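Letters A, B, ... are given to chains in the order of the sequence lines, protein chains preceding strands, and every chain is numbered from 1. Everything numeric in this text was worked out from a predicted model, so none of it was measured.
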Amino acid sequence: GGSGAGKSGATGASGDPIRIGIGIDAAYAPFFLADKEGMFKDAGLKVNLVQFGRGGDAVQAIAGSQVDMAGNSDTTTLTLLKQNPKLRALFIYEQSGKYLKVVAKPGITKASQIKKMGVVQGLSDYMAQKYFEANKIPLDSVKFVEADPSSLPALTKKGTVDAYLLWEPWPSNGVKLGLKELTDTGSYGYSYVHWAVADSTWLKGHEKEAAKVAEVLTKAAKITAKDPDRAAAAVESEAKIKKADAKQAIELVDWDVRDFTAKDTKSYDEQMKYFVDKGTLKKALDIKPNILTGWYDEHVAKP
Amino acid sequence: MPLTTAKSTGTTTSTAPAAGVRGAALDLDAVTIKFGDFTAVDSVDVSVRAGEFICLLGPSGCGKSTLISAIAGFEKPANGRIHLEGQEIRGASLDVGMVFQSSEALFDWLTIRQNIEYGPKMRGVAKKERQALADEFLSLVGLAHCADQLPRQLSGGMRQRAQIARVLANEPRVVLMDEPFGALDAQTRQVMQQELDRIWRTSGCTVIFVTHDIDEAIVLADRILVMTAGPEATIKSSYDVDIPRPRDEAGDEAIALHRKLREDIGAEVRKALQGQGLTQEGS
Amino acid sequence: MPLTTAKSTGTTTSTAPAAGVRGAALDLDAVTIKFGDFTAVDSVDVSVRAGEFICLLGPSGCGKSTLISAIAGFEKPANGRIHLEGQEIRGASLDVGMVFQSSEALFDWLTIRQNIEYGPKMRGVAKKERQALADEFLSLVGLAHCADQLPRQLSGGMRQRAQIARVLANEPRVVLMDEPFGALDAQTRQVMQQELDRIWRTSGCTVIFVTHDIDEAIVLADRILVMTAGPEATIKSSYDVDIPRPRDEAGDEAIALHRKLREDIGAEVRKALQGQGLTQEGS
Amino acid sequence: MTLAETKPAPARPASDKSRRRGQKPNMTGSLRRGGLFIVSIVLGLVVWQLVASHFGPALVASPSETWQGAADLWADGTLWQSIWASSRRIFIGWALGVVVGAPLGLLMGRITIVREILDPYIEFFRFIPPIAFVTLAIIWFGIGESSKIVLIFYTSVFVVIINTISGAVSTDETKLRAAASLGASKSQILRTIVLPSAIPHIVTGARLAMGNSFLTIVSAEIVAAQEGLGALIWTSRNYGHIDWVFVGIIVLGALGFLFDRVLRVCVRPLRRYGVKV
Amino acid sequence: MTLAETKPAPARPASDKSRRRGQKPNMTGSLRRGGLFIVSIVLGLVVWQLVASHFGPALVASPSETWQGAADLWADGTLWQSIWASSRRIFIGWALGVVVGAPLGLLMGRITIVREILDPYIEFFRFIPPIAFVTLAIIWFGIGESSKIVLIFYTSVFVVIINTISGAVSTDETKLRAAASLGASKSQILRTIVLPSAIPHIVTGARLAMGNSFLTIVSAEIVAAQEGLGALIWTSRNYGHIDWVFVGIIVLGALGFLFDRVLRVCVRPLRRYGVKV
Ligand SMILES: Nc1ncnc2c1ncn2[C@@H]1O[C@H](COP(=O)(O)OP(=O)(O)OP(=O)(O)O)[C@@H](O)[C@H]1O
Ligand SMILES: Nc1ncnc2c1ncn2[C@@H]1O[C@H](COP(=O)(O)OP(=O)(O)OP(=O)(O)O)[C@@H](O)[C@H]1O
Ligand SMILES: [Mg+2]
Ligand SMILES: [Mg+2]
């Protein structure tokens, strides 16, 4: 049964439990692993993992003071900063150039053949634009069709769209339907990145705990990278995702907990520009106060 | 106050209710009607000739409505059979029209005129004809002035008259009437009786008429049936009324028959009332 | 068939309906009742003494039900006032009980007993007492044997009796009855009349009784009011009935009064019927 | 609507005619109603403002923020486009639901065999959230309007069916008997007796179905909707645009209110069938 | 339920007693009903299988795949846990909806001022999708059970209110008058006349509200739900686990079917109030 997450607070630890909001997704493998194997408890932490249908909701729950920390993809979280100035990005715990892929219907082999592109608003849309830009194809020559992830493989198979760009499991799902993987985002230099985010007010009094969480995740990420089976088992039991699927997803990701780099910051400026162009944001936000570059290196001793 | 035959004014006589319609013979053969364990009507045997006018009398709650419901095909007898011209009755039909005791039977959402036109409309009678028919029966029951009102805008007696017009306009072969004139004043009632009598004679339909008014039964009926007090009510006695029409309820024969009937029903009522802890002194 | 006073059997007399209840005087002062543009009742002036028994007669559809609805507080007069013991009537109340013309007024989801106990229960009468009251009135109207049945399981006449019991059990100061005995056979009707008479005399309540039966009016009333034919119906004439009680409808005085009333109403009905395209021959 | 209280004197179901005439008491009545309505709105705004100030703009957009958001969306045409797109979908899906549901309900209510055959399916499918059918709807009906309309139809049709059945089974027995013995055939009875008797229930069903259509608009527009209030709410929510989420919500509520008022006015001529709204 | 047809003879509303006795015709009736039911299920399965083979396992799980999925989920206890968790939420939210909605509907139906005050709010909020309130619900009621129950309550209460109002306003005028002149006070009339008259409508409202509760379970469980059928459907959907999605759907449908049957049995004693289900 996967109900353990909510009540996994270790006995004996002092203080209020730390509530961490996560999505129900293999991208949160280190969290599931740490929770399942009692690593938080071993570090003297009392942690409650709170699962949300979508990672975005987990971050929003910080605004509602329902959780203290959360994990989510950078692109999604960026847009949330406008309404939630108290969000603080602490570190990155995973990145991958292979997690998002372009999948096309049979007969289509290169970007120039794609006339209709299936995307999901946000991350997928952004990466798809970069894909066409990288292939020097003008964006106005492609029609972007927005849909929800689970229907895109079928729509591509039906021919409603020529291709789509999505995260796992939808690329493999499409392959099962007879579609072809064209490429992944890494091939044109873009990665899918997850942030660990905290509530600034909470963080003030809990720097030490946050650091400990980072340490535990660092450890858990290493295990995830080394032993995908073990991590997949944890995902299966905590999030009801089939082990094989979880493992497949886990293997596509670089599990490495780290601080922000200049390259990251540059990518955020680009994304900000994308959102302003799209009208999602009225003007580019100054996100420097929200992204605590250096926090990880300062608080977490490199092993 | 002796009354001769009635006549409705104006155009009505020209479009007289389909003189071609013939009454139908009815045969009730050991009819028993139950509600669950309760036997309301038990083994009723009656033969009604085509075109006969039957009045049904009996104490309150004996089973008159139940019996005619069965004839109308609404109630399935637990035992026995009812035949209309040799055909077993298996459900409601155009042949048997019913004026219900309660005026809930009117269709609230239709005007009085539309209520009256309902049957002909369902039968596919052309609009013109339907209207003429409705006009005729509206004035027959004295409701021409409220043809376009809804049933809830009428008084109890007017609603009952509307129901009568609706059934008669449909020209059924057998007309069942459950205390149709109960809510009318004596004079309106007389006019209605006369109209009914006229229609009956013109159309030759069979009528079974439930009433509590013995005089009414005497004025109208070819034959009067008296039911026993329920439960397990049955036909107690049958009186042929041989008085020549038009009849005078104050005539000698009529008065003698009245007395007999009163005695007959009275005995049943007393039986019923005694069972219910009530007595009637001095009678 | 002369009838002397009635008496109900057994226990009923001992728990006689609260002899202390006094009737109330009613004053109708230029009462006019409209439905939209239609004036049903126009300028009715009537004074009813406390404890008086009034019978209201009139052609079908003239406005009898409308008038007593106003007295019950259901219909607000467009003009004029109705006073009960000097207090203007502004809505339905415990003081004025009403037996409706239609038995839809019974509560379908309650048994007959529960219907009868309804009023006392609402007034907070203790359970024991309520039961005794219900028993009394159940046997009064001859429904003791179907106390636990639902209204839809009764015949039309039985339902009407249940309604009467329900109102009387509530001991109102004014009892309004809209053709309460219309669906009863002659004998049951007589018994009911006698019971009503007895209750009226014991309790001293005021009664306004709508009926189409002239004899009934003569047997029961202190005063008979005849209404004109509608629309704009009003009180045409008033007859004091001075015949000593118990009355015999076959007595000379009664027959004379009957004739007068019949003539009086008849004239109104003829007026109404002529307006509706109907005539009555020979009268 | 003035029939509500039990005792005030003009409670008797008066004629249509009499009730239509605007008499003085009705005038003050509608004045009071108008006043109450404004008070309701003002009160709602005050409570909203209080809630908003309590939770802050990250969670609850204040009335003024929402107003600003609405103005922005209005200026670039998005708002009007969304309203129009969603209204169309809702209306068509709902109308289909009523048009299909009412006859089905009548048949199921009065014909045993039809009910026995259809009942298990209806009692099964009406409990399944439309979100489960999003993918199937897209595959079958494409990413155009049809799939969205079908999803809205899906959530409205059952409500109409169930309510119509309940109306059909409670048709007055005496009227059914009367019609049958006046020579009406089964199908005529269905059309001329059962249908009129069930009209108040059908109207209630239609009003509830309208509500359900609105509730489904988000699920329906999650898919391939570039425009529409549901899409607006969903994407704004994903981007943390609380003010736009609130614009969507308020507009949906107001639109629903409006639709219901219009529906009520449209069914006024049905008053003789006992419709009281 | 045998009252459906117009003409068959025992159509007259017979006494409760007579209808309860299982007589022979009823025996064959229930046999036929049972047979039809099985035919319905088999037919449904066949159609499902055909659809599944047509679309393939990536889009539509076949009956056998679904069965396998269910067996797996059953084996590790997830299924039972989900059923139990969701049933609890649905039941509590729904029951609250009925308990709050019915009295409110009665008051709104009969007391003009109450209706005039509450009507604008109800006609506004009933059109707003619960998904819009997910965030607020969490903030107010926490991430535990309460917020989910509140969301379910939200979608069921309006249905009950609207249906109850429609019942209350159609209370027979003669009965209201009779009660008033038998001395019943306004509140007594509400309790003893309006309520009994509205019971069939309340029951229909409750049945529809049950449907709406089920439709909301996915929205409700998107949030912070570790278990439940809505969460199962949502997660599996996001992971392309079509078989588990189908397990969730089928179980929801079957559960709804079951709940409705239980409800119908529970309201049987209300038959004298005119409840026919
Ligand atoms: N649906 C029913 N269920 C149970 N019993 C019923 C039902 N309908 C009628 N009865 C019973 O059957 C008997 C006869 O009823 P019926 O209505 O036929 O009487 P009636 O002769 O028409 O009386 P009335 O003159 O008062 O109208 C009564 O005792 C009544 O209680
Ligand atoms: N709700 C209403 N709307 C319009 N007109 C009505 C309404 N109720 C009654 N009327 C009209 O008022 C007049 C009087 O009706 P009322 O019911 O008082 O007659 P009544 O004397 O009781 O007749 P009956 O003896 O037939 O019961 C009738 O012409 C009727 O059409
Ligand atoms: Mg009868
Ligand atoms: Mg009257």
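- E:Val159 touches chain D through backbone and side chain together, each having a heavy atom under 4.5 Å away.
- Contact annotation for D:Ile242: neither backbone nor side-chain heavy atoms come within less than 4.5 Å of a heavy atom of chain E.
- Proximity to chain E (any heavy atom under 4.5 Å) is restricted, for D:Val60, to the side chain, taken from C-beta onward.
- By the 4.5 Å heavy-atom criterion applied to side chains, D:Phe214 and E:Pro129 are not counted as neighbours.
- Residue contact with chain E, scored on non-hydrogen atoms closer than 4.5 Å, involves the side chain of D:Phe55 exclusively.
- With sequence neighbours left out, E:Arg191 forms a salt bridge (Lys or Arg N to Asp or Glu O under 4.0 Å) with no residue at all.
- With sequence neighbours excluded, the residues satisfying side-chain contact (heavy atoms from CB on, under 4.5 Å) with D:Thr235 are A:Gln121.
- Using a 4.5 Å cut-off between heavy atoms, E:Pro200 does not touch chain D at all.
- Atoms CG and CD, from D:Leu258 and E:Glu123 in turn, are 11.5 Å apart once rounded to the nearest 0.5 Å.
- Using a 4.5 Å cut-off between heavy atoms, E:Val51 contacts chain D through its side chain alone, with no backbone atom that close.
- By the 4.5 Å heavy-atom criterion applied to side chains, D:Asn163 and E:Asn163 are counted as neighbours.
- The part of E:Ser170 that comes within reach of chain D is its backbone (N, CA, C, O), which places non-hydrogen atoms under 4.5 angstrom from that chain.
- The contact between E:Leu36 and chain D is made entirely by side chain atoms (from C-beta outward), counting heavy-atom distances below 4.5 Å.
- The candidate with the highest count of non-hydrogen atom pairs below 4.5 Å against chain E, out of D:Val245, D:Ile233, D:Asn212, is D:Asn212.
- Looking only at distances, no side-chain donor or acceptor of E:Tyr121 sits under 3.5 Å from a matching main-chain atom of D:Ile41.
- Contact of E:Thr174 with chain D is not made at all, since no heavy-atom distance falls under 4.5 Å.
- Proximity to chain E is absent for every atom of D:Phe125, based on heavy atoms less than 4.5 angstrom apart.
- Counting all heavy atoms, side chain and backbone alike, E:Phe257 lies closest to D:Phe124 at CD1-N, 4.4 Å.
- D:Thr155 touches chain E through its side chain: at least one heavy atom from C-beta onward sits under 4.5 Å away, while N, CA, C and O do not.
- Annotation: the span from E:Ser40 atom OG to D:Leu118 atom CG amounts to 8.5 Å, rounded to 0.5 Å.
- The candidate from E:Pro130, E:Ser166, E:Ala168 with the greatest count of non-hydrogen atom pairs under 4.5 Å with chain D is E:Ser166.
- Across all their heavy atoms, D:Phe127 and E:Asp260 have their closest contact at CZ-CB, 4.0 Å.
- Pairing each heavy atom of D:Ile162 with each of E:Arg207, the nearest pair is CD1-NH2, 3.9 Å.
- Interface residue E:Ile250: backbone and side-chain heavy atoms are both found under 4.5 Å from chain D.
- Contacts of E:Leu43 with chain D are made by both backbone and side-chain atoms, with heavy-atom separations under 4.5 Å.
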*Please walk me through it: do D:Arg32 and E:Glu116 pass salt bridge (charged side-chain N to carboxylate O under 4.0 Å, His left out)?*
CA-CA 9 Å; D:Arg32 187 191 52 175; E:Glu116 284 176 357; 3.3 Å; yes
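- Chain D forms the most heavy-atom pairs under 4.5 Å with one residue out of E:Leu252, E:Asp119, E:Thr216, and that residue is E:Asp119.
- Only the side chain of E:Arg237 comes within less than 4.5 Å of a heavy atom in chain D; its backbone stays farther off.
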